[in-house]
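Structure first, commentary second.
As the structure lists them, so they are numbered: ligands from 1, and atoms in each ligand from 1.
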Amino acid sequence: MKRYIQPSFILIALGIMVLAVSLLWFVNILPLISYNKVEPEVGKLIGLSQANLSEPWRISMTEEITQQAKKYLDMRVIITDAVDSSERQVDDVKRLLAYGIDLLIISPTDSQILTPVVTEAYKTIPVIVLDRAVEGYDYTLYIGPDNQLIGRETGRYVSELLGEKGGQVWEIQGRSGSPPTIDRSTGLRQEIERHPGIRLVKTVTADWLRDQAEDTLSHLFKTTPTPDVIVSQNDAMAYGAILAAKKAAVSNIKFIGVDGLEGANGGLDLVRKGLLSATFICPTGGKEAVNYAWDILEKKPGIPKKIYLRTRKITAETVNANVDPYASFRHPRSNKEPIRLGFAQVGSESRWRLTNTKSIKDAARDAGIELTFIDGQQKQENQIAAIRSFIKQKVDIIAFSPIVESGWEEVLQEAKAAGIPVILSDREVDIKDDSLWATFIGSDFLEEGRRAARWLLSYIEHHPTPDGQVNIVELQGTVGSAPAIDRKRGFELTLEPHPEFRIIRSEIANFYFDQGRDVMKKILETEKRRIDVLFAHNDDMALGAIQTLESAGLRPGKDMVIVSVDAVKEAFQAMIAGKLNCTVECTPLLGPQLMKVIQDYFDGKELPTRIITSEEVFPAEVARTVLPKRRY
Ligand code: AHR
């Protein structure tokens, strides 16, 4: 492909050269910056639109991207710096597009302002969004830190520092209202609430900036009794607070930061100097972005929608001992024997589950992974027994889809003690110790519930009920399972601001067709109020309920609006027949991604904490077009 340089681009290029000449040489950009010159063929040209090149964390992200791109012979990166101006970043993206990049990596200054231009870019090329998300789903892949987890980890460390006695905590937040600020704070609070002796007595905002933290804290130290611990949402602000404490001659405060960067007064340096008690690494995702950029441009299958990266605690003990903070998550394997995987499945309750089982078995066979598969037949005790048998057999790795969220600590401790890593597939667990599992691959169930509700809101807007009231019946999946809990919550959260939408009955049908049919029968027999909508946590239960409605002489899809989750082929057939109105996708095709993660793990790669699959919403109008392309 031949590329021509526009005159306006020279200005950006010159700016970049002044800021980071060495970096640019590194990525081979200089040969590209020449007016009207036809360049030799460039294989993969990546545009990186960076929010700013002044924050150390972003400089580190940019460096990571350029370093990693160098490992691919055929890849070039061109970088723009928006100097923290959203308007400028919008222009940057437009210029990069005009330049003919093959893929855009963007780390946005502001989610809202950047969304339209990212949507525009995504119409023509793949887009990877880094760190701060944009609104909606018009991008190829999001990669970012797990900020709630970071917050929870800081909270856990506070309780380690303060022990039983407890104490007082201040929190220094980044920019008010920004997603990392909210998520880190939520995580911190969740953990602190679990310890009655620990009290979060003050929260201040310092916009991620060292100087601002220093000024605010200097004032506070003069006017307010000092706390035992200060948790700062980044290391730069923690350093500002440390300087303020020094000026005010305040001692005995322990400081905790986030980022864990190298360099003078970076988090690691501050831990080495004993100024910070701990920093929590906030991975930039630069390396992962380049690797995925390559896979996307190579059109490799199984690209997820979202990837959340792991954090690690760095203290004086680990920072100086040259200990790899991710060591427990890296397992390079020299053994050339096939990997032995033990998989404990939930059962065979639905079409979704049958497809999921097939996907895992096929993918293991294709990847040359030796699979021992045990069907838990809908019982947690069977799954626990299966995991114990895998431990006994000394398999290399265990994966399982937990039927319910709680009750796994003991058996996962046993797997950990035996040195066998565990991957969560499809469903998550609710346990405090995140070190008991290596990674999670699956859907965002909360979002699925939200999507069902969003679709319903817009449908009812165009098809209002006679009295404006919308009476909803909900068919829930297995009690205590992640999809049942989260789909319910996501659905309710989205409908909360609309009191005319009321869930008048919510019954359990365990994801089964038969139970959907029978439970709906009972509802029809006992419910005297008008039912406008059925929300079923999966297609099988909706299809069962449809059978009951037809037997009762009702017209499903017309007399009652029906929305469900999974997007199996039978749901599309029901939509074409006019009996179902919408299905929200939840992909069961997790096998290839699971095997890739297992191979990565044994290649010694660092695994993210959560890998979220890419999914869509299918209203009845698109069913006929989409059905022939469906793989399950
Ligand atoms: O965990 C995924 C859910 O489990 C599917 O939505 C449902 O059909 C299945 O049984």
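- Classified by interplanar angle (parallel below 30°, tilted 30° to 60°, perpendicular above 60°), the ring pair H498/F501 is perpendicular.
- Here the side chain of R630 pairs a donor or acceptor atom with the backbone of A567 at under 3.5 angstrom.
- Between F535 and F491, the ring planes lie parallel to each other; the angle is under 30°, not in the 30° to 60° tilted range.
- Interface of S350 with ligand 1, defined as ligand atoms under 4.0 Å from a residue heavy atom, comprises 7 (C), 8 (O), 9 (C), 10 (O).
- A distance-only check finds no donor-acceptor pair linking the side chain of D540 to the backbone of Y512 [under 3.5 Å].
- In this structure, atom 3 (C) of ligand 1 lies nearest to the protein heavy atom R427 NH2, 3.7 Å.
- The closest protein non-hydrogen atom to atom 2 (C) of ligand 1 is D426 OD1, 3.3 Å.
- At a 3.5 angstrom cut-off on N or O pairs, R353 counts as close to ligand 1.
- Scanning all protein heavy atoms for the shortest distance to atom 10 (O) of ligand 1 gives E349 OE2, 2.3 Å.
- Checked against E447 for a salt bridge (Lys or Arg N to Asp or Glu O under 4.0 Å), the options R487, R489, R454 give a single hit: R454.
- A distance-only check finds no donor-acceptor pair linking the side chain of S564 to the backbone of H537 [under 3.5 Å].
- The aromatic ring centroids of W408 and F400 lie less than 6.0 Å from each other.
- Of the heavy atoms in R351, none comes closer than 4.0 Å to ligand 1.
- Using a 4.0 Å cut-off between heavy atoms, E428 makes no contact with ligand 1 at all.
- For atom 6 (O) of ligand 1, the nearest protein heavy atom (residue, atom name, distance) is D566 OD1, 2.6 Å.
- Heavy-atom proximity to P483, at under 4.0 Å, picks out these atoms of ligand 1: 1 (O).
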